[in-house]
There are 2 protein chains.
Amino acid sequence: MTTAPRTRLSPAERREQLLDLGVRLLAHRSLDELSIDLLAEEAGISRGLLYHYFGSKQAFHEAVVRHAADDLIAQTTPPTDGEPLERLRTSVTAYVDYVVANHEGYVSLVKAAAGGNESLRAIYEDARSALNGRLFHGDDAGEIVPDTPAARLLVQGWSAMTEELVLSWIDDSRGVTREELLGLVVASLPAVVGVLGTGR
Amino acid sequence: MTTAPRTRLSPAERREQLLDLGVRLLAHRSLDELSIDLLAEEAGISRGLLYHYFGSKQAFHEAVVRHAADDLIAQTTPPTDGEPLERLRTSVTAYVDYVVANHEGYVSLVKAAAGGNESLRAIYEDARSALNGRLFHGDDAGEIVPDTPAARLLVQGWSAMTEELVLSWIDDSRGVTREELLGLVVASLPAVVGVLGTGR
DNA sequence: CACTCTATTGACGCTCGTTCAATAGCGCCA
DNA sequence: TGGCGCTATTGAACGAGCGTCAATAGAGTG
């Protein structure tokens, strides 16, 4: 097979191509398990071009994670009307369906945030607070969750639980249906927040 | 300053020294941010010796994580008697106090598990299931949590929430006291499990 | 059909993980 | 007490892979 001819794309197109490829490749390998050589070959470009667009391997990783996070936020826009509990259910459903549909990309995002440096973590935290924040910032904010330090802590914990439940369920649903999962996640927020009264 | 004289330790001592140092160094840096050069210099040994003991950088990382996990398990032995809820509270207290006292080591463990490869994740999963499993394997197992697929899923989620709560609280307690935190964590398990009846 | 702009290349330097034959501390036995 | 052997330890050498930079070649424009 002869060497492929050099193809010239617009910066936006090339950037998009490289980010999409990065999300796919980083879902199963960690960053240092992914060599620039492999990435370049897979994309049909030279090593140098990656540095022209992203400057460093780390910066490329950050761009990939931000790309995945933006996608998550965009594809799970919350409803603006309806009762609070119903809005919660709709949002959770969108989140679960997104994670199911984009499993690889989402795992890539979570792994990067948990294992990576401060800036990667920051990108993830921003996405997460965007997901949570818009749930509790309507006109009827406070109907489900009061705004106290302990309550904020609990909401953060509930988010972590939700993520664990969904990823674990995808990994092995063990006879639990999607509807049951949604019911568990939605019901557990009020249940957890209800703890606020009992703690001493 | 002259080069330090070569010190000869027993394999057990040297191994212990390197593992302890590894836990400390990997708490703030990720694995690829930690060079063998730095590690060797910090330990006062040559690069080659590390390979003599662990074979590779990856294998060293695994040994460090296993070391931290074993320490966690050993230092949080659960009570064998008392009422279920009281045992739960005692176990959670031991866990929280351990994480507070060994913050760096614990963060090192969690980051490795979340961001690392399959074997690192397996080590962490084993430790976690050991922590949970011994809570619900007494003679009175089932008094708090029934043994169904959905319940197992929820317990796993509760574990993730607990970890998030404790780490987040250590990072910024925001006026929440240790006692309040313990109350929240302990009370949230029955609260979450109570959801099982309501879900449809 | 030149000509310019810039997307793209490929070879080079350098850091860092890994290997391996050589070295030296420490207990043992005469 | 003094040599001897075992093995903990070393450090130079190798290779893989990240990052740089001047040179090259598509694609639109006059």
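This one's a predicted model, so the numbers in the text were calculated from it and none came from an experiment. Hydrogens, waters and symmetry mates are skipped; everything else that's a heavy atom, side chains included, is used. Convention: sequence-line order gives letters A, B, ...; per-chain numbering from 1.
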Run the side-chain contact (heavy atoms from CB on, under 4.5 Å) test against [X] and tell me which residues pass, sequence neighbours left out.
X       : result
D70(A)  : R66(A)
E104(A) : R24(A), A27(A), H28(A)
V193(A) : V145(A), P146(A), L189(A), L196(A)
R178(A) : T93(A), D97(A), W169(A), L182(A)

Quick one: [atom1] on [X] to [atom2] on [Y], what's the gap to the nearest 0.5 Å?
X       : Y       : atom1 : atom2 : result
R152(A) : D147(A) : CZ    : CG    : 4.0 Å
L153(B) : E164(A) : CG    : CD    : 8.5 Å
I36(B)  : K57(B)  : CD1   : NZ    : 5.5 Å
L154(B) : L181(A) : CG    : CG    : 9.5 Å

Inset, instruction - Identify whether any heavy atom of Y53(B) sits under 4.0 Å from a base atom; if not, whether one sits that close to sugar-phosphate; answer base, sugar-phosphate or nothing. - result: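 Answer is sugar-phosphate: Y53(B) comes under 4.0 Å of backbone atoms only.
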Every protein N/O within reach of nucleotides 24-27 of chain C N/O, cut-off under 3.5 Å:
residue : atom : partner : partner atom : Å
dA24(C) : O4'  : R6(B)   : NH1          : 3.1
dG25(C) : N2   : R8(B)   : NH1          : 3.2
dG25(C) : N2   : R8(B)   : NH2          : 2.9
dG25(C) : N3   : R8(B)   : NH1          : 2.9

Run the side-chain donor-acceptor check on residues 108-129 of chain A: report pairs under 3.5 Å with partners two or more places apart or on a different chain.
residue : atom : partner : partner atom : Å
N117(A) : OD1  : S119(A) : N            : 3.2
N117(A) : OD1  : S119(A) : OG           : 3.0
N117(A) : OD1  : L120(A) : N            : 3.1
N117(A) : ND2  : Q58(A)  : OE1          : 3.2
S119(A) : OG   : E62(A)  : OE2          : 2.8
R121(A) : NH1  : A113(A) : O            : 3.2
Y124(A) : OH   : R128(A) : NH1          : 2.7
Y124(A) : OH   : E163(A) : OE1          : 2.4
Y124(A) : OH   : E163(A) : OE2          : 3.3
S129(A) : OG   : E125(A) : O            : 3.3
S129(A) : OG   : D126(A) : O            : 3.1

Legend entry - Partners meeting ring pair (Phe, Tyr, Trp, His ring centres under 6.0 Å) with F60(A) (sequence neighbours left out):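 Applying ring pair (Phe, Tyr, Trp, His ring centres under 6.0 Å) to F60(A) gives F54(A).
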Inset, instruction - Can you run down the salt bridge (charged side-chain N to carboxylate O under 4.0 Å, His left out) pairs that involve residues 41-53 of chain A, sequence neighbours left out, and say none if there aren't any? - result: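 Sorted result for residues 41-53 of chain A: D37(A)-R47(A).
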Legend entry - Along DNA chain D, first and last positions that approach a heavy atom of chain A under 4.0 Å: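 Counting from the 5' end, contacts occupy dC18(D) to dA27(D).
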Legend entry - Proximity to DNA chain D (any heavy atom under 4.0 Å), residues of residues 9-18 of chain B only: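 The answer is L9(B), P11(B), R14(B).
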Legend entry - side-chain hydrogen bond (donor to acceptor under 3.5 Å, both in side chains) partners of E13(B), counting only residues at least two apart: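 For E13(B) the side-chain hydrogen bond (donor to acceptor under 3.5 Å, both in side chains) partners, ignoring immediate neighbours, are S10(B).
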Inset, instruction - Give the B/S/- string for nucleotides 14-21 of chain C, one per nucleotide from 5' to 3', where a protein heavy atom under 4.0 Å of the base yields B, of only the sugar-phosphate yields S, and otherwise -. - result: ---SBB--
